[in-house]
Asks: 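I am attaching a structure below and will ask some questions about it afterwards.
The figures here come from the full heavy-atom set of this structure, side chains too, leaving out hydrogens, waters and symmetry mates.
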Amino acid sequence: MRTSAWLGPQLLVLPMVALALVALPASTPRIAPRMVRLTVLATAPQATSCDPTASLRPTGPPQLTAGSFMATIRARGYLIAGVDQSTYHFGYLNPLNGQIEGFDIDMVHAVAAAIFGNPDKVQFKAITDAQRIPDTQSGAVDIVAHTMTIDCSRLKLVDFSTVYFDAGQRVLVEKGSPVRGIGDLGRQKVCATKGSTSIANIAAAPSHPIPVAVPYWTDCLVLLQQGDVAAISTDDSILAGLAAQDPYTTMVGPRFTSEPYGLAISKQHPDFVRFVNAVLAQMRSDGQWAASYAHWVGAPVPAPPLASYRG
Amino acid sequence: MAGSGVTGAAMTSVSSPPEAPPVTPLRRPPAQLLRVTTTPGMLRLLLIGLVALCLAWGAVAAWMVSQRASAASDVVATSEPLSLDGQQIYRSLSDADATAATAFLSGGLEPLSARRRYQADIAEAASRLEAATAVAGHSGAATDLARLAAGLPVYTGEVETARADNRLGLPLGSAYLREASGLMRGTLLPAARDVYAQANARLAAANGQATGLPWAAVAVLAALVVGYALYRAQLLLSQRTHRTINVGLMAASVAGTVSLLWLLIALAVVRVDLQQARDHGSAPVAALAQADIAALQAHADESLTLIDNSGDDSFQADFTAVRRQLGPGPGTLLTAATSAVSGSPGAGNAAAARADATAWYAAHQRVRSLDDSGAHSQAVLSAIGSGPGDSGTLFGHLDSALTSAIAADQVVFSARAVAGRNASVGLEAGVIALSLVMAGGCAWGLNRRLMEYR
């Protein structure tokens, strides 16, 4: 319920938004197989010029150097994190205790613990997918932990940490639906959030589904339950959270994109990027990452994504 | 008037009635019956004219009374209840939305008090909706009421889905609440506002029709015409027939005077009553209701800003805009309400509402600064709290001051409007009966003179 836009009246304009979204750039050659083509789109056309997952190398274990952005945060007294409030198991407002919880949120708590020695010195701001980049750029939040795919076009606007989760886009439908993947959804309405890579992937799918954009992922599930859309298509991590809330839904089809998640930080704070990467490196090695994965995503726990650095 | 001594001279100078019967045959042509040159012809013409005038007077007066009476009864039986219902529908729906939102704000299971308040709001809205639909008939408000009737179950269904998901600990619940609140703010509340606005416009029109002066002027003019005609007829009769007083015409004149006086007095009483009903009743109620609607909207904005928590300040911006409209301050709704209620029973509460609003704004400011400095849960506690100094408590004071003032002035309105409607009871039948007496008097009086020529 923490949202910037109350849905009702907007639902009426969604089809129009969706139609506008169909006109997204799709200049990749048609000869490419579907999987490859969509993967390329997901990581934006300039993929060849950039290795999106390579981040800044930490200078050692997390340290609060004087004059650094971490010192500024510490002086303020709390970290400001832009997070999701509606993605079950990644970043969601637990209605039972009013707390925001999830795998993404654990990453933020670890960063806060490294700065303050106390994981709870965090002010969470629930933001929509579309707000992630503007809020990072404006400094409204220090860090964004929001199932956010690292890609080259976003890297031009904000910096990312190393990859902390590997996801891929799939399709969620109601049980009994004949749909077996994104290819079966031509001319049908498919829901994703505004400003997500998923909505661009839906718009660019060769089967030409009709993308329907909403502020939060749970809004997509409302539309699916009310029969207003035929399917939801986004990262399997998010879809698993939606399926967990409605046992009458099921995930179908293979992963057709690769979505490496990173924590977004303003380009003005490379010191903070290195610091966060140091925190993530520590989490990978000391078992924190695996513990959080086991708690939120479940067994079997894979090896953490390898960190890749560009200097 | 003329003495009996000049009778012979007057009669011979115009015509000679005693000579007429032998000359004329038994069956005279109709044209001759009404010949003005002969006295009987003139008398017959006068009789027909006066009877027609008296009946016309009765018709005009009765029509006017019935117009005004139906306007007055529209005020009492239709426009005013519809306006009140529209206002209450808006109130309860807006409160239901804010209550549902704050119940979710509290985290964990919703407080029982919030649940009960929400249910009471929905029950009130539903029963008002039914009452308003019965009263509205086919007026413009009917479309909006139909939209409300169709949308309310959808809204409550979504809120219940939200509750069920919430009980399972699923974030899907808040998506349903968001959907429900969007329906409320986007469709239901605007429809309720329309019902209220249309009912108010209709109330003003009906009140104007029931108190307007032009038709009273027409009635007075018509009465003057009839009165002058009766006077000239009696003058003529006394000149032609040398009878100073014609009892029938006198009776007609008296009945005419009585009906005019009755009409004027009753209409004046209706006018005074309905004007008082407006000035000390519906006008202050409308001004207070506007202020209350603005206060409810600002309160919902406060809750929604806290729920939103996303740095998007559109609800807070709306709060600021609504607060500017609400006042107190020059040109604001609260100031308008205070001046509208002066001299009415709601004045005390309206004055209290001004102070309450200022106190609430201060508490709201504390909520905002708590929330902005990261103390979100403390901000929530103050917004939904019931302790002294909590924003929730202080808004409650403002709301109850305004609703008490509305209730007090509503009583004035109902009493005066009913008195106004009752002031013209029996008037319509009365003026018709009196006009028949007038016509009968004229016919009888003139017929007696005519008999003298047979």
Asks: Tell me, do A/D246 and B/L172 make a side-chain contact under 4.5 Å, heavy atoms counted?
Replies: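 No, side chains not in contact.
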
Asks: Taking atom CD of B/E130 as the centre, does the number of heavy atoms from other residues, nucleotides or ligands within less than 6.0 Å exceed 12?
Replies: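 No - once you tally the heavy atoms of other residues, nucleotides and ligands closer than 6.0 Å, there are 12 at most.
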
Asks: Would you mind telling me which of B/L168, B/N166, B/L177 makes a side chain to side chain contact (heavy atoms under 4.5 Å, CB included) with A/P95?
Replies: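 That would be B/N166; it is the only one of B/L168, B/N166, B/L177 passing the side chain to side chain contact (heavy atoms under 4.5 Å, CB included) with A/P95.
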
Asks: Taking atom CD of B/Q119 as the centre, does the number of heavy atoms from other residues, nucleotides or ligands within less than 6.0 Å exceed 12?
Replies: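 Counting neighbours around CD of B/Q119, more than 12 heavy atoms of other residues, nucleotides or ligands fall under 6.0 Å, so yes.
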
Asks: Assess whether atom CZ of B/R116 is packed by more than 12 heavy atoms of other residues, nucleotides or ligands within 6.0 Å.
Replies: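 It does not: B/R116 CZ has 12 such atoms or fewer within range.
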
Asks: Write down the atom of B/G169, the atom of A/Y92, and the distance for their closest heavy-atom approach.
Replies: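 Minimum heavy-atom contact is O-CE1, 4.3 Å.
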
Asks: At what distance, to the nearest 0.5 angstrom, does CD of B/E158 lie from CD of A/Q226?
Replies: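 Rounded to the nearest 0.5 Å, the CD-CD separation comes to 5.5 Å.
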
Asks: Can you tell if the side chain of B/R178 reaches within under 4.5 Å of the side chain of A/T218, non-hydrogen atoms only?
Replies: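 B/R178 vs A/T218: side chains touch.
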
Asks: Nearest 0.5 Å, what's the CG-OH distance between A/L221 and B/Y176?
Replies: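 Nearest 0.5 Å value for the CG-OH distance: 6.5 Å.
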
Asks: Do A/Q245 side-chain atoms and B/L170 backbone N/O form a donor-acceptor pair below 3.5 Å?
Replies: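 Pair absent, no side-chain N/O of A/Q245 close to backbone of B/L170.
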
Asks: Rounded to the nearest 0.5 Å, what separates atom OH in A/Y216 from atom OG in B/S174?
Replies: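 Output value for this atom pair is 9.0 Å.
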
